[in-house]
Amino acid sequence: MDFEDFLQSVGESNRAFVAELHEFLTENGCKCDIKEAKSGFVVSYLKAKKTLMNYVQRKTGTKARIYAANVGSYQEMLDTLPPKMKSDIIKAAPCKRLLDPTACNPKCSMGYTFTMDGEEYKKCRSTAFMFALSEENNGSIREFLERELGYE
């Protein structure tokens, strides 16, 4: 199982974007790790042993999950996201540990506190920035990752 196997499982309309993003991330020092899961492939990109993003496959299609540890440094970008991406962020689960440190597993990585459109959010690290690949979202997904790499 390799990147080409994963790429063939991505919807045709998003393959060029996924291939281009793969090239961008690996050229910027990210290691690509590919595993098979029950719902398809999980493809992770790691930089300095920390996961920057991964692709997960769902019945609704391939999604990009971005681990935006530095979102506080570029949160103004969130205001420019397409409406569907903003809606996905708003619907994402809150971070239980940020709201009450005893409410979640202590081994769970803390989520993110950020502001979008003047509103403060405290969202779970696993669901805060998980977006469907689409023509509308792909440019913003790339910008998200460029910003994250630029603030490491």
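Both backbone and side-chain heavy atoms feed into the values below; hydrogens, waters and symmetry mates do not. As the structure is a prediction and not an experimental result, all values here were calculated from the model.
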Using the rule given for side chain to side chain contact (heavy atoms under 4.5 Å, CB included), can you reason through Glu36 versus Phe41, listing the C-alpha separation, both sets of side-chain angles and the distance that settles it, and then say yes or no?
CA-CA 4 Å; Glu36 270 191 273; Phe41 292 94; 4.0 Å; yes

Could you tell me the separation between the CE atom of Met130 and the CZ atom of Arg58, rounded to the nearest 0.5 Å?
4.5 Å

Could you state whether Leu25 and Val56 fall into the same hydrophobic cluster, counting links through intermediate Ile, Leu, Val, Met, Phe, Trp or Tyr residues with side-chain heavy atoms under 4.5 angstrom apart?
no

Is the closest side-chain heavy-atom distance between Pro83 and Glu136 below 4.5 Å?
yes

Rounded to the nearest 0.5 Å, what's the gap from CG on Asn54 to CD1 on Ile34? Could you check?
12.0 Å

Intermediate values then yes/no, salt bridge (Lys or Arg N to Asp or Glu O under 4.0 Å), Arg147 and Glu76
CA-CA 11 Å; Arg147 298 279 189 120; Glu76 74 288 343; 3.0 Å; yes

Could you give the distance from CG (Leu52) to CD1 (Ile66), rounded to the nearest 0.5 Å?
8.0 Å

Check whether Lys123 reaches the backbone of Ala92 with its side chain - one donor and one acceptor, N or O, closer than 3.5 Å.
yes

Can you see which heavy atom on Lys122 is nearest to which on Leu99, and at what distance?
CD-CD2, 3.8 Å

Is the shortest side-chain heavy-atom distance between Phe17 and Ile141 below 4.5 Å?
yes

Please determine whether a side-chain nitrogen of the Lys or Arg among Glu148 and Lys50 lies less than 4.0 Å from a carboxylate oxygen of the Asp or Glu.
no

Interatomic spacing from CD1 in Ile90 to CE in Met85 - rounded to 0.5 Å
12.5 Å

Measuring only between side-chain heavy atoms, which start at C-beta, is Asn14 closer than 4.5 Å to Tyr55?
no

Contact check, side chains of Arg65 and Thr51, non-hydrogen atoms, under 4.5 Å:
no

In plain terms, say whether Lys96 and Asp100 are close enough for a salt bridge, that is, a side-chain N and a carboxylate O under 4.0 Å apart.
no

Between Arg97 and Ser109 (side chain of the first, backbone of the second, donor and acceptor by atom type, cut-off under 3.5 Å), is there such a pair?
no

Looking at Glu12, I'd like to know if its CD atom is crowded, meaning that more than 12 non-hydrogen atoms belonging to other residues, nucleotides or ligands lie closer than 6.0 Å.
no

Strictly distance-based, threshold 3.5 Å: is any side-chain N or O of Asn137 a donor or acceptor partner for the main-chain N or O of Ala132?
yes

In this structure, are over 12 heavy atoms from other groups packed under 6.0 Å from Lys63 atom NZ?
yes

Any side-chain heavy atom of Val43 within less than 4.5 Å of one from His22?
no

Could you give me the CA-CA distance, side-chain angles and deciding distance for Tyr45 and Leu145, then say whether side chain to side chain contact (heavy atoms under 4.5 Å, CB included) is met?
CA-CA 11 Å; Tyr45 291 88; Leu145 294 165; over 6 Å; no

Phe144 with Leu46, same ILVMFWY side-chain cluster at under 4.5 Å:
no

ILVMFWY network linking Leu149 to Tyr112, side-chain heavy atoms under 4.5 angstrom
yes

Single hit among Tyr67, Tyr121, Phe114 for ring pair (Phe, Tyr, Trp, His ring centres under 6.0 Å) with Phe129:
Phe114

Side chain of Asn138, backbone of Leu133: donor and acceptor closer than 3.5 Å?
no

Atom NZ of Lys84 and atom OG of Ser140: how far apart are they, to the nearest 0.5 Å?
13.5 Å

Same cluster (ILVMFWY, side-chain, under 4.5 Å), Leu7 and Val42:
no

Is the shortest side-chain heavy-atom distance between Leu81 and Ile89 below 4.5 Å?
yes

d(Glu23 CD, Asn28 CG) to nearest 0.5 Å is 10.5 Å

Val10 and Arg15: which non-hydrogen atoms are nearest, and at how many Å?
O-NE, 2.9 Å

Between Leu21 and Met53, is there a side-chain heavy-atom distance shorter than 4.5 Å?
yes

For a 4.5 angstrom cut-off between non-hydrogen side-chain atoms, does Ser9 reach Thr62?
no

